[in-house]
K.L.:
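First the structure, which I've put down as structure tokens, then a few questions once you've had a look.
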Amino acid sequence: MNQVKAAVFASGAGSNFQAMIDAKGLPCDIALLICDEEDAPVIDKAERQGIPAYVFQPETYSSKSDYEQAILQQLSEHDIEWIFLAGYMRIIGPGLLQLYGGRILNIHPSLLPNYPGLDAIGQALQSGASRTGVTVHYVDAGIDTGPIIMQETVPILPSDTRETLTERIHCAEHGLYIQAINHVIKGVE
Ligand code: GRF
């Protein structure tokens with residue numbers, strides 16, 4: 001058991017969450033899942049691992065601030081020090097940034113600053129570029145704008161479809177996120 005505890009925030013399939021769970025020698029425990037979609041497959045993945053999963057739906061709170069305060073309460077109860085966003089489809093607000101600024105990471109499926117925001121893989125395919133990639137960065141108040149920690153290039157092949165490119169990008173993401181977590185927590189690559 002590590003002493004450092006991390007929470008993953010996710011909204012969807014959870015392949016990056018699963019990669020963190022499966023990683024050997026991760027320098028922190030993935031101790032909590034925060035999800036904003038009650039039917040997201042990532043919740044089953046957490047339950048199978050015995051990791052507590054909490055669903056917070058923003059529309060059930062009177063403000064974003066109240067929503068984030070409810071999340072902060074769980075983070076505090078689980079002694080969470082780091083937050084890893086993995087397909088969490090929301091902007092992090094001032095409440096979370098104030099307490100966790102510099103300790104929130106995000107993964108994005110492009111070489112930022114190229115193709116920020118939604119459908120980065122589709123944007124790359126449409127652009128006709130011969131390469132795209134994956135970025136892990138610190139989170140700030142913007143959309144995919146925080147300081148970059150690590151990037152990995154993924155070629156776009158002439159034969160690529162959205163499915164084949166997405167598969168190779170996900171594969172790169174899973175390795176890069178683990179490297180970046182090791183780097184920020186232990187200072188190694
Ligand atoms: C990943 O492509 C990530 O870069 C993006 O959302 C996707 C999440 O995939 N932010 P998964 O839920 O981890 O499988």
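Order of appearance sets the numbers: ligands from 1, and atoms from 1 within every ligand.
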K.L.:
Give me the residue, atom name and distance of the protein heavy atom closest to atom 10 (N) of ligand 1.
P.N.:
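Ranked first by proximity to atom 10 (N) of ligand 1 is I107 O, 3.1 Å.
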K.L.:
Would you please test Q69 and Q73 for side-chain hydrogen bond (donor to acceptor under 3.5 Å, both in side chains) and show each step?
P.N.:
CA-CA 6 Å; Q69 284 306 320; Q73 177 75 27; over 6 Å; no
K.L.:
Would R162 and D119 pass as an ion pair if we require N to O under 4.0 Å?
P.N.:
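Yes, this pair counts.
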K.L.:
Within the 4.0 Å heavy-atom shell around A13, which atoms of ligand 1 are there?
P.N.:
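Answer, ordered by atom number: 12 (O), 14 (O).
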K.L.:
Using a cut-off of 6.0 Å, state whether more than 12 heavy atoms not belonging to L157 lie near its atom CG.
P.N.:
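Yes, because the 6.0 Å sphere around CG of L157 holds more than 12 heavy atoms from other groups.
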K.L.:
Among all protein non-hydrogen atoms, which one is nearest to atom 6 (O) of ligand 1, and what is the separation to 0.1 Å?
P.N.:
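Looking at atom 6 (O) of ligand 1, the protein heavy atom closest to it is G87 CA, 3.3 Å.
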K.L.:
Which protein non-hydrogen atom lies closest to atom 4 (O) of ligand 1, naming both residue and atom, and how far is it?
P.N.:
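Going by distance alone, atom 4 (O) of ligand 1 is nearest to E173 OE2, 2.3 Å.
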K.L.:
Which residue and non-hydrogen atom of the protein lie closest to atom 12 (O) of ligand 1, and at what distance in Å?
P.N.:
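Atom 12 (O) of ligand 1 sits closest to the protein heavy atom G14 N, 2.7 Å.
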K.L.:
Please assess D66 against S62 for the test side-chain hydrogen bond (donor to acceptor under 3.5 Å, both in side chains), listing each intermediate value before the final yes or no.
P.N.:
CA-CA 7 Å; D66 284 359; S62 56; 2.8 Å; yes
K.L.:
If you have a sec, work out which protein heavy atom is nearest atom 14 (O) of ligand 1 and how many Å separate them, to one decimal?
P.N.:
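Nearest protein contact, heavy atoms only, for atom 14 (O) of ligand 1 is S15 OG, 2.5 Å.
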K.L.:
Which residues satisfy the ring-ring contact (aromatic ring centres under 6.0 Å, His included) test with Y88, sequence neighbours excluded?
P.N.:
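Per chain and number, Y88 pairs via ring-ring contact (aromatic ring centres under 6.0 Å, His included) with F9.
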K.L.:
So is A10 close enough to ligand 1, meaning a heavy atom under 4.0 angstrom away?
P.N.:
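Distance cut 4.0 Å: A10 fails for ligand 1.
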K.L.:
Is H170 near ligand 1, meaning one of its heavy atoms is under 4.0 Å from it?
P.N.:
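Yes, that is the case, since the closest heavy atom of the residue is under 4.0 Å from the ligand.
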K.L.:
Please, which pairs that meet ring pair (Phe, Tyr, Trp, His ring centres under 6.0 Å) have at least one residue in residues 113-139, sequence neighbours excluded?
P.N.:
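Applying ring pair (Phe, Tyr, Trp, His ring centres under 6.0 Å) to every pair that reaches into residues 113-139, excluding sequence neighbours, yields nothing.
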